[in-house]
There are 2 protein chains.
Amino acid sequence: MMKFEQLAHSPIFRGMKPDQISRRLSEIVYQVRRYGKDDQVVLMGQPVEALMIVQKGSVRGEMVDYSGRTLKIEDIEAPRPLASGFLFGNNRRFPVTVIANEETEILVIPTGEFLKLMQHEQQILTNYLNAISSRTQFLSQKLHFLSFKSIREKVAHFLLQQAGQWLHSVELKQTQQQLADLFGVTRPALARVFGEMQREGLIEIDRKTILLKDRKGLNDLLKNG
Amino acid sequence: MMKFEQLAHSPIFRGMKPDQISRRLSEIVYQVRRYGKDDQVVLMGQPVEALMIVQKGSVRGEMVDYSGRTLKIEDIEAPRPLASGFLFGNNRRFPVTVIANEETEILVIPTGEFLKLMQHEQQILTNYLNAISSRTQFLSQKLHFLSFKSIREKVAHFLLQQAGQWLHSVELKQTQQQLADLFGVTRPALARVFGEMQREGLIEIDRKTILLKDRKGLNDLLKNG
DNA sequence: TCCGTTTTGTAACAATTGATACATTTCTGG
DNA sequence: CCAGAAATGTATCAATTGTTACAAAACGGA
């Protein structure tokens, strides 16, 4: 069936053949809900009691701030799941209000049924575990990066990370502007730090190539900063 | 057996009776490794190919910085698992080097066997899913909090979050110093912002009670900052 | 209640970064 | 090779926060 073809590309059913998906789904209780344009799918704060996968169409997540204005957060298109990270854990509530962008079909698998699915089909289990683990790892890394306060620290950490253990130079693959955005600082501020570090003999810059002249010095920035 | 009694309190086997744990473990392949004080358990960067649970004793995680110095990160005592968030996902490597603090026993369950365990015992599956989901949710919230740059924004967000939708005042449960640490700023800087916001008529402070006089004003800080 | 400790309010100054502007260099397509 | 665009280096000033210090207020136990 066409819809299982589509689902085979979703993060949850990845690696399974459409007929396998069909067979597994037939073993459990699930439903398909249809929404029209601008229909509300879920309300922020509602308990998450099922895995919901956008099967056709797309939805958007919106947050309502404390004074009542709405703010679009993200789009989710088929065949991606929504709020898959809030199906388990302490906080099982939708972090956003979800609204259909167009004619949309959503596959709804109650949490209990999804557990069965994972127990019966190892591929689904590993897919789901990989998905939420990857997310945790991503967040964890991002958080570690944000723990460096000053621009000097961020630059030092970035360069040492990029260079690894043996390389003595780093090839920048992005512009200063992109790097500044990554660090969450302004471009002139970043350029200033590059300039300072070069004058201090920590690094040497030639176009996109940065030579690490004083690894120990760069390191000390990460502790004594 | 004593050790299963202990394991019943671990995040992974929580909610199971010792004899249930014993029975489930008998269905799979696992091993128990013993370490003496200061023995190295795993090396940073090694692939994570098994779930490891400290069954007796305790271990510490250490990171080696770029210049070779070691830095203690955290202690893990029985009956907690180590690196349980790195068993799946893109980055399946130990983020730290792990060293035994004392005579230590570690239960080692290869990833494939752990998958079987989760498929056979729903309690273990939900325990594990809850554990890593909670961690994701925690990190996600922390990251969102860090997205507010200025202290004013952090304070406004914190107060509105604490107050919820209806309350008009917030009872501080921690000292300014603790709050400042939570925000990652210095205490005088935080006190200054409190003072400013009070002078501006946004809030009114009486001891540990903060009255929100202008919710809309606080809100605007979150956007226009 | 009284005294020592902790917490809080406040100030002055230094350090860092953002905002903005502009000249220079490098890149890119013709 | 050339011209326009993009990227980079640099400067100035404003805003924010850290640092340090000290006094007032609140707290807690004898």
Side-chain angles (χ1 to χ4, degrees), chain A residues 145-159 162 169-213 217-225, chain B residues 142 145-159 162 169-213 217-218 220-225:
Chain A
F145 193 75
L146 284 179
S147 74
F148 298 111
K149 294 253 174 74
S150 72
I151 301 182
R152 296 176 69 87
E153 285 175 295
K154 291 180 186 183
V155 169
H157 176 255
F158 176 80
L159 292 177
Q162 290 289 312
S169 69
V170 172
E171 277 298 311
L172 291 185
K173 290 185 179 61
Q174 59 265 77
T175 67
Q176 281 192 5
Q177 182 61 63
Q178 292 170 318
L179 213 52
D181 290 341
L182 177 68
F183 291 176
V185 302
T186 58
R187 188 198 58 78
L190 178 61
R192 173 167 45 198
V193 168
F194 272 141
E196 285 170 6
M197 290 173 79
Q198 182 163 29
R199 264 191 298 282
E200 292 167 21
L202 289 168
I203 60 176
E204 207 168 277
I205 307 175
D206 178 32
R207 315 284 177 88
K208 293 279 189 189
T209 304
I210 299 182
L211 178 66
L212 280 58
K213 296 183 68 178
L218 289 171
N219 237 314
D220 291 340
L221 288 182
L222 300 185
K223 296 182 204 322
N224 314 328
Chain B
K142 197 158 181 175
F145 194 76
L146 284 179
S147 75
F148 298 110
K149 294 252 175 74
S150 72
I151 300 181
R152 296 176 69 87
E153 286 175 294
K154 291 180 186 183
V155 169
H157 177 256
F158 176 80
L159 291 178
Q162 290 288 313
S169 67
V170 172
E171 278 296 312
L172 291 185
K173 291 185 180 59
Q174 59 262 79
T175 67
Q176 280 192 7
Q177 181 61 64
Q178 293 170 319
L179 212 52
D181 290 341
L182 178 67
F183 292 176
V185 302
T186 58
R187 188 198 58 79
L190 178 61
R192 173 166 45 198
V193 168
F194 272 140
E196 285 169 6
M197 291 173 79
Q198 183 163 28
R199 267 191 295 283
E200 292 166 20
L202 290 168
I203 60 177
E204 207 168 278
I205 307 175
D206 177 31
R207 316 283 177 90
K208 294 279 190 190
T209 304
I210 299 182
L211 178 66
L212 280 59
K213 295 183 68 178
L218 289 171
D220 292 340
L221 289 181
L222 300 185
K223 300 184 200 320
N224 314 329

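All values below were derived from every heavy atom in this structure, side-chain atoms included, with hydrogens, water molecules and symmetry-related copies excluded.
- For the pair A:K149 NZ and D:dT19 P, the computed distance is 9 Å after rounding to whole Å.
- Atom pair A:L179:CG and D:dA6:C1' shows a separation of 17 Å (rounding to whole Å applied).
- Remark: C1' of C:dT20 and CD of A:Q177 are 14 Å apart, rounded to the nearest angstrom.
- Here the straight-line distance linking atom CD of B:Q198 with atom CD1 of B:I203 works out to 6.5 Å at 0.5 Å rounding.
- Between B:E204 atom CD and C:dG9 atom P there is a gap of 13 Å when expressed in whole angstrom units.
- Of the side-chain N and O atoms in B:K208, one or more sit less than 4.0 angstrom from OP1 or OP2 of C:dT8.
- Summarising the geometry of B:R152 relative to B:L221, their closest heavy-atom pair is NE-CD2, 4.0 Å, with the distance given to 0.1 Å.
- Inter-residue side-chain proximity for B:L211 and B:K213 is flagged as met; some heavy-atom pair is nearer than 4.5 Å.
- B:Q177 has its side chain within reach of B:D181: a pair of non-hydrogen atoms, C-beta onward, lies under 4.5 Å apart.
- What separates CD of B:Q174 from P of C:dT6 is a distance of 19 Å, to the nearest Å.
- Under the 30°/60° scheme for interplanar angles, the aromatic rings of A:F158 and A:F183 are found to stand perpendicular.
- Listed candidates were D:dT10, D:dT17, D:dT19. Nearest to the side chain of B:P188 is D:dT19.
- Contact of A:R187 with D:dG9 (side chain to base): a donor-acceptor pair of N or O atoms is detected under 3.5 Å.
- Looking at heavy-atom distances under 4.0 Å, B:A191 makes contact with a base.
- At D:dC27, one or more side-chain N or O atoms of B:R207 fall inside 4.0 Å of OP1 or OP2 (strictly under the cut-off).
- For the pair A:F148 CZ and C:dT16 C1', the computed distance is 18 Å after rounding to whole Å.
- For A:I205 and C:dT26, the CD1 to C1' distance is 15 Å, given to the nearest whole Å.
- Rounded to an integer number of Å, the gap from B:M197 CE to C:dT8 C1' is 17 Å.
- Along DNA chain C, the nucleotide nearest to B:R192 and the one nearest to B:Q176 differ in position, and the one closer to the 5' end is contacted by B:Q176.
- Listed nucleotides C:dA19, D:dT20, C:dT7 differ in distance to A:T186; the shortest reach to its side chain belongs to C:dA19.
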